[in-house]
There are 2 protein chains.
Amino acid sequence: MSDRRPVLVCENPSIDEALEAVRMAISGRKILIVAGNCSVDYHGRASSTLESGERILMIKEDSSLLVHRPKGYEPVNWQPPGCLYQTGKKGDALVIRAVRSKPHEVITVSFDRVYFASVLSLTDRGEFSLHASEEDMQRAILFQPSIIEEGLKPITYEKKVEPGFIDVYGIDKDGKMVVIEIKRKTAGREAALQLARYVESLKPTSNREVRGILASPQIAKGVQKLLATLRLDFKPLDPRRCAEILRDVETRKLAEFFQRTNRSPT
Amino acid sequence: MSDRRPVLVCENPSIDEALEAVRMAISGRKILIVAGNCSVDYHGRASSTLESGERILMIKEDSSLLVHRPKGYEPVNWQPPGCLYQTGKKGDALVIRAVRSKPHEVITVSFDRVYFASVLSLTDRGEFSLHASEEDMQRAILFQPSIIEEGLKPITYEKKVEPGFIDVYGIDKDGKMVVIEIKRKTAGREAALQLARYVESLKPTSNREVRGILASPQIAKGVQKLLATLRLDFKPLDPRRCAEILRDVETRKLAEFFQRTNRSPT
DNA sequence: GAGTGGATTTCGCAT
DNA sequence: ATGCGAAGTCCACTC
């Protein structure tokens, strides 16, 4: 075990001691956690004030800042990575100012009481992987178009047309053009209208018929009717199932690779 | 000064000690902060895995959960308020499982090393107020329609039409119908197309001319041309300016109130 | 409970 | 740099 001390904790520090810890953390690009009584002001894209109360402040290695109240998933105030800090005392308060330049935004946190300050030096090289995103659904359709319908031949994806980008574009078994709009969750009006615009924008480019297919796990209440009116199809498609298909594809690729290279997978 | 101890900190605890702290915090609905080496698995709307690394776990009074890496504004994994916890040891690891029921989602955090665990009991009754939101812009237009154009008479707001809700709806100085679409930041293609849909959906309901006005601080590159094609107007409107107008309105209301009640404001 | 749209959205990718 | 759309988005509000 190494003898490095990844964590320093200072309980019930004076404002001066807390200021010292804050400065060490910021200049050393460490993680800082402070719990105490503070007020917060923000000016930038909008403005906000937060009256005095007990909260947790976190400043990370990349200088991003979070102020968390005792409840709620979201921080009440924050600053994204890449801002500069000014720290000091104003009267008996510890003041931390985080300034971002583009757009110009300033957060000021004033602590009149600090319960603890902690400086952490953490190492995190672990890989993060997420499955069942909309991109996974798109890739699954491209690898295995039959999950939409038999005979579908994808031509391109992320095709640019006037109103935006078509998720998947191809030809069906009868030679008709097909536009597929993918949603990873229940598709609402907006999705149907977007698909309709794509279909409309493609019609002038071809004398073939153009079909629109909305692929999502579910459609919202009134949207069935809207799809019928707009002459669009719906294909139920589960993002989890798509993730499975991709996993199978990856597994097969791996097997082929190891077969080619005459090794066996661990 | 009160003698309550709002913060308990446990440095370099054993896994058993950490487990005890975690259970105290969760059962007592306190805030828990743990720093240590962990891995995280998530299954629910999607799935994710996060390999071993040093992170900070925070569980709040309302049972929301955050896992923060040393960098980045966003948590790498999380659980919104209202989930249930199972805690225990699996081998030599401290395991915390947070289960949400609707939708069904499970996060599992396994710590094999804990640098510190802290249990906090924070009180925060401070009021938070935010200015210069899109709603502020809407209210400013309703209070002072001349910031859009002279002679404008707002009729309703949040008016339901087929594709969605019109931000502000009224009549201009020539008696034409006016639909206003508000964006608090640079308006893109989507905003223009949305406004166009609103205008189209209103045309059949009246034999008056229907004008569409896009009100935002700026418009994106190609959108000027798109607006011209769609015969829509653009009115530059700064959210900060709108917030000022509202502040003035509030000040005037206050003044009137104190005049009526024969008191003077503090 | 579902649907709809805003957000100091953030983030990532492509132009 | 700007534009554009996804997100385990979250959240508040309406129906």
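Below, chain A is the first sequence line, B the second, and so on; all start at residue 1.
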- [ ] Side chain of A:E190 only, please: which of C:dA2, C:dG5, D:dG8 is the nearest?
- [x] C:dG5
Open item on the list: Side chains of B:S39 and B:S110 only: does a donor on one sit below 3.5 Å from an acceptor on the other?
Closed with: no
TODO: Round to a whole Å and report the spacing from NZ of B:K183 to C1' of C:dA7.
DONE: 11 Å
Open item on the list: What's the separation between atom CG in B:L66 and atom CE in B:M58, rounded to the nearest 0.5 Å?
Closed with: 6.0 Å
TODO: Please work out which residues in residues 221-246 of chain A have a non-hydrogen atom less than 4.0 Å from an atom of DNA chain D and list them by number.
DONE: none
- [ ] Please report, rounded to the nearest Å, how far the P atom of D:dG8 is from the CG atom of B:L65.
- [x] 16 Å
- [ ] Write down the distance between CD (B:E135) and P (D:dA12), rounded to a whole number of angstrom.
- [x] 13 Å
TODO: Can you tell me the distance, in whole Å, between the CG atom of A:L66 and the C1' atom of C:dT8?
DONE: 13 Å
Task: B:F165-C:dG5 aromatic stacking (under 5.5 Å, under 30°) - done: no
TODO: Among D:dG8, D:dA6, D:dC4, find the nucleotide with the atom closest to the side chain of B:I107.
DONE: D:dG8
Can you check nucleotides 9-11 of chain C for protein contacts, nitrogen or oxygen pairs under 3.5 Å, and list what you find?
residue, atom, partner, partner atom, Å
C:dT9, OP2, B:R184, NH1, 2.3
C:dT10, OP1, A:R45, NH2, 2.9
C:dT10, OP1, A:W78, NE1, 3.1
C:dT10, OP2, A:R45, NH1, 2.8

TODO: Find out whether B:P81 and A:K71 are in side-chain contact, i.e. whether some heavy atom of one side chain is under 4.5 Å from a heavy atom of the other.
DONE: no
Task: Side-chain donor or acceptor of B:K60 paired with backbone N/O of A:G72 under 3.5 Å - done: yes
Task: Inter-residue atom distance B:L232.CG - B:Q224.CD, 0.5 Å rounding - done: 11.5 Å
- [ ] Mind calculating the distance between OH (A:Y42) and P (C:dA7) to the nearest angstrom?
- [x] 12 Å
Open item on the list: Heavy atoms only, 4.0 Å cut-off, all strands: where does B:Q79 land among base, sugar-phosphate and nothing?
Closed with: base
TODO: State whether the number of non-hydrogen atoms from other residues, nucleotides or ligands found under 6.0 Å of B:E134 atom CD is greater than 12.
DONE: yes
- [ ] Please report, rounded to the nearest Å, how far the C1' atom of D:dC4 is from the CZ atom of A:R197.
- [x] 13 Å
Open item on the list: Checking contacts here: which listed nucleotide (D:dA6, D:dC4, C:dG3) is nearest the side-chain heavy atoms of A:T186?
Closed with: C:dG3
Open item on the list: Just to be sure I understand the rule, does B:G188 reach a base, reach only the sugar-phosphate, or reach nothing, if contact means heavy atoms closer than 4.0 Å?
Closed with: sugar-phosphate
Task: P atoms of D:dG8 and D:dC4, separation to the nearest Å - done: 23 Å
Open item on the list: With a 6.0 Å cut-off (strictly less than), is the heavy-atom count around OH of A:Y157, excluding the residue itself, greater than 12?
Closed with: no
- [ ] Say whether, by atom type as modelled, one donor and one acceptor occur between the side chain of B:Y85 and the main chain of B:S63 under 3.5 angstrom.
- [x] yes
Open item on the list: Roughly how many Å apart are C:dT9 and C:dG5, using the C1' atom of each and rounding to a whole number?
Closed with: 13 Å
Task: Residue mapping more 5' on DNA chain C - nearest nucleotide basis, A:A187 or A:A46 - done: A:A187
- [ ] Could you tell me whether A:S133 contacts a base, only the sugar-phosphate backbone, or nothing, with contacts defined as non-hydrogen atoms closer than 4.0 Å?
- [x] sugar-phosphate
Task: B:L130 CG - C:dA7 C1' separation (whole Å) - done: 9 Å
Open item on the list: Of the listed nucleotides (C:dA7, D:dC4, C:dG3), which one gets closest to any side-chain atom of A:A220?
Closed with: C:dG3
- [ ] Calculate, to the nearest 0.5 Å, the distance between atoms CD and NE2 belonging to B:E244 and B:H131 respectively.
- [x] 12.0 Å
Open item on the list: Between C1' on D:dC4 and OH on A:Y198, what's the gap in Å once rounded to a whole number?
Closed with: 10 Å
Open item on the list: Base, sugar-phosphate or nothing for B:S47? Non-hydrogen atoms, less than 4.0 Å.
Closed with: nothing
Task: Lys/Arg N to Asp/Glu carboxylate O, A:R197 vs A:E200, below 4.0 Å - done: no
Open item on the list: Quick check against the 3.5 Å criterion: does B:Q218 have a side-chain atom that pairs as donor or acceptor with the backbone of B:T186?
Closed with: no
TODO: State whether the distance check finds a donor on one side and an acceptor on the other, under 3.5 Å, for side chain B:Q138 versus base C:dG6.
DONE: no
